[in-house]
2 protein chains.
Amino acid sequence: MEEFEVEKALSGEIDEETLFIVTQTFKALGDPTRVRILHLLFQKECSVNEIAETLDIRQSTVSHQLRFLKNLRLVKYRRAGTTLYYSHDDEHVMLILKKMIDHACHS
Amino acid sequence: MEEFEVEKALSGEIDEETLFIVTQTFKALGDPTRVRILHLLFQKECSVNEIAETLDIRQSTVSHQLRFLKNLRLVKYRRAGTTLYYSHDDEHVMLILKKMIDHACHS
DNA sequence: TCTTTATATGAACATATTAACATATACGCA
DNA sequence: TGCGTATATGTTAATATGTTCATATAAAGA
């Protein structure tokens with residue numbers, strides 16, 4: 001460990017890697033389109049087209065955002081023929097999302 | 001309520017205002033500088049200069065971000081002469097931040 | 001193999017965000 | 001009133017982000 005890292009640790013600072021994961025995850029939840037998608041997947045597994053039609057978003061947009069969420073392991077999918085059914089893949093983050101929604105509702 | 005809003009409500013979609021608050025709040029947590037500031041304020045009340053020096057960020061950057069956080073009522077301050085002591089102002093959001101940090105650490 | 005359907009990808013564009021600099025304001029004190 | 005310190009603000013430039021269009025890929029079935 002470098003000297004400045006020791007200083008940071010002693011001062012109670014978050015280590016860089018953790019900070020990166022935390023901010024990336026919050027960033028994922030900081031966009032309306034992604035929150036709407038996750039909220040939908042909270043209720044049920046959906047194909048890409050179902051998501052696009054239900055939320056009235058273009059297919060390519062949905063696909064791009066799903067890739068974003070997939071990279072962060074926030075969603076997963078199973079294949080059935082040509083159809084991909086997406087579902088959420090991080091209970092903890094979904095719980096945090098739910099809490100924030102409740103918090104925002106009752107404020 | 002408009003017709004399309006009824007449809008959204010029945011379909012379990014988040015209402016627009018809640019969605020806005022939720023995403024704004026997560027956006028606040030989606031930036032390394034702001035997370036570092038909040039994490040510091042989680043530990044103790046700090047003046048603007050203390051924050052800037054402790055985290056090695058320019059004073060004007062800190063001030064800008066504090067205004068951002070203040071607008072969302074995530075921080076507050078008290079004045080002592082020319083010095084402003086900032087502290088966090090949303091227990092619930094701070095708890096969510098803490099949970100996410102723990103989650104990221106142990107993964 | 002050809003076609004159809006479902007999904008992914010790449011490039012381009014518009015917009016949003018961030019940090020930096022310079023400067024302004026506010027307060028306390030001589 | 002004038003000065004020094006602490007903080008805020010306006011502006012700008014660099015970068016990041018989100019959506020769209022056009023197109024590519026992949027699987028299933030005739």
Side-chain angles (χ1 to χ4, degrees), chain A residues 16 19-41 44-89, chain B residues 14 16 19-41 44-87 89:
Chain A
E16 212 172 315
L19 184 63
F20 181 75
I21 297 173
V22 167
T23 53
Q24 279 299 113
T25 308
F26 279 133
K27 218 169 271 186
L29 302 175
D31 175 75
T33 302
R34 288 190 291 266
V35 167
R36 292 175 71 207
I37 291 174
L38 286 174
H39 186 253
L40 181 59
L41 295 183
K44 67 183 187 74
E45 186 188 57
C46 281
S47 74
V48 177
N49 272 335
E50 275 172 1
I51 298 172
E53 283 163 28
T54 305
L55 303 182
D56 193 31
I57 309 172
R58 287 173 203 287
Q59 178 267 322
S60 101
T61 301
V62 172
S63 185
H64 278 298
Q65 299 296 10
L66 284 173
R67 181 167 59 173
F68 186 109
L69 296 171
K70 184 80 173 49
N71 285 337
L72 292 174
R73 297 168 199 278
L74 262 36
V75 302
K76 63 178 189 285
Y77 64 80
R78 71 178 172 87
R79 179 180 285 278
T82 63
T83 303
L84 303 186
Y85 289 97
Y86 278 83
S87 54
H88 59 88
D89 196 29
Chain B
I14 310 173
E16 212 173 314
L19 184 63
F20 183 75
I21 297 174
V22 167
T23 53
Q24 279 298 114
T25 308
F26 279 133
K27 216 170 269 184
L29 302 175
D31 174 76
T33 302
R34 287 190 291 266
V35 167
R36 291 175 71 208
I37 291 174
L38 286 174
H39 185 253
L40 181 58
L41 296 183
K44 68 182 184 74
E45 187 189 56
C46 281
S47 74
V48 177
N49 272 335
E50 276 173 1
I51 297 172
E53 284 164 28
T54 305
L55 303 181
D56 193 32
I57 310 172
R58 289 174 202 283
Q59 178 268 320
S60 93
T61 301
V62 172
S63 186
H64 277 298
Q65 299 296 10
L66 285 173
R67 182 168 59 174
F68 186 108
L69 296 171
K70 184 79 173 50
N71 285 337
L72 293 173
R73 295 169 200 277
L74 261 38
V75 302
K76 62 177 190 287
Y77 64 82
R78 70 178 172 88
R79 180 181 285 277
T82 62
T83 303
L84 302 186
Y85 289 97
Y86 278 83
S87 54
D89 196 30

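All values below come from the heavy atoms of this structure, side chains included, with hydrogens, waters and symmetry mates left out. Reminder, nothing fancy here: chain letters follow the sequence lines and each chain counts from 1.
A sub-4.0 Å separation between OP1 or OP2 of C:dT5 and a side-chain N or O of A:N49 is absent. Note on B:S60: every side-chain N or O is 4.0 Å or more away from OP1 and OP2 of D:dT9. Side-chain nitrogen and oxygen atoms of A:R67 include at least one within less than 4.0 Å of the OP1 or OP2 phosphate oxygen of C:dT9.
Taking atom CZ of residue A:F20 and atom P of nucleotide D:dA16, one finds them 11 Å apart after rounding to whole Å. One atom, CD of A:E50, and another, P of C:dT7, lie 8 Å apart when rounded to the nearest Å. Here C:dT7 presents its C1' atom at 13 Å from CD of A:E53, a figure rounded to the nearest Å. Remark: P of D:dA16 and NZ of A:K27 are 9 Å apart, rounded to the nearest angstrom. Rounded to an integer number of Å, the gap from B:H64 NE2 to D:dT7 C1' is 11 Å. Distance CG (B:L29) to P (C:dT17): 15 Å, rounded to an integer number of Å. We find that CG of A:N71 is positioned 16 Å from C1' of D:dG18, with the value rounded to whole Å. As a whole-Å value, the separation of A:L66 CG from D:dG18 P is 14 Å.
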- Message: Test side chain to side chain contact (heavy atoms under 4.5 Å, CB included) on A:T83 and A:N49; report intermediate values, then the result.
- Response: CA-CA 9 Å; A:T83 303; A:N49 272 335; over 6 Å; no
- Stepwise, does the side chain to side chain contact (heavy atoms under 4.5 Å, CB included) test hold for A:L66 with A:I51? CA-CA 10 Å; A:L66 284 173; A:I51 298 172; 4.2 Å; yes
- Message: Under the criterion side chain to side chain contact (heavy atoms under 4.5 Å, CB included), I'd like the reasoning laid out for A:L29 against A:L38: C-alpha separation, chi angles, the key distance, then a yes or no.
- Response: CA-CA 9 Å; A:L29 302 175; A:L38 286 174; 3.6 Å; yes
- Test side chain to side chain contact (heavy atoms under 4.5 Å, CB included) applied to B:C46 and B:L40, step by step: CA-CA 8 Å; B:C46 281; B:L40 181 58; 4.0 Å; yes
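More than 12 heavy atoms of other shown residues, nucleotides or ligands fall within 6.0 angstrom of atom CZ in B:F68.
Which of C:dT9, D:dG18, C:dA20 sits closest to the side chain of A:D31 comes down to D:dG18. Counting only heavy atoms from C-beta on, A:R58 has its side chain closest to D:dT20 among D:dT20, D:dA8, C:dA6. Closest contact between the side chain of B:Y86 and the listed nucleotides C:dT18, D:dA8, D:dT19 involves D:dA8. The nucleotide whose nearest atom lies closest to any side-chain atom of B:Q65 is, among C:dA19, D:dT19, D:dA8, C:dA19.
Here CD of B:Q65 is found 10.0 Å from CZ of B:R67. Values are rounded to the nearest 0.5 Å.
Of the residues in residues 77-85 of chain A, those placing a heavy atom less than 4.0 Å from an atom of DNA chain C are A:T82, A:T83, A:L84, in numerical order.
Using a 30° and 60° split on the angle between ring planes, A:F26 and B:F26 fall in the parallel class, below 30°.
Not a single donor-acceptor contact under 3.5 angstrom links the side-chain atoms of A:Q59 to the base of C:dA6.
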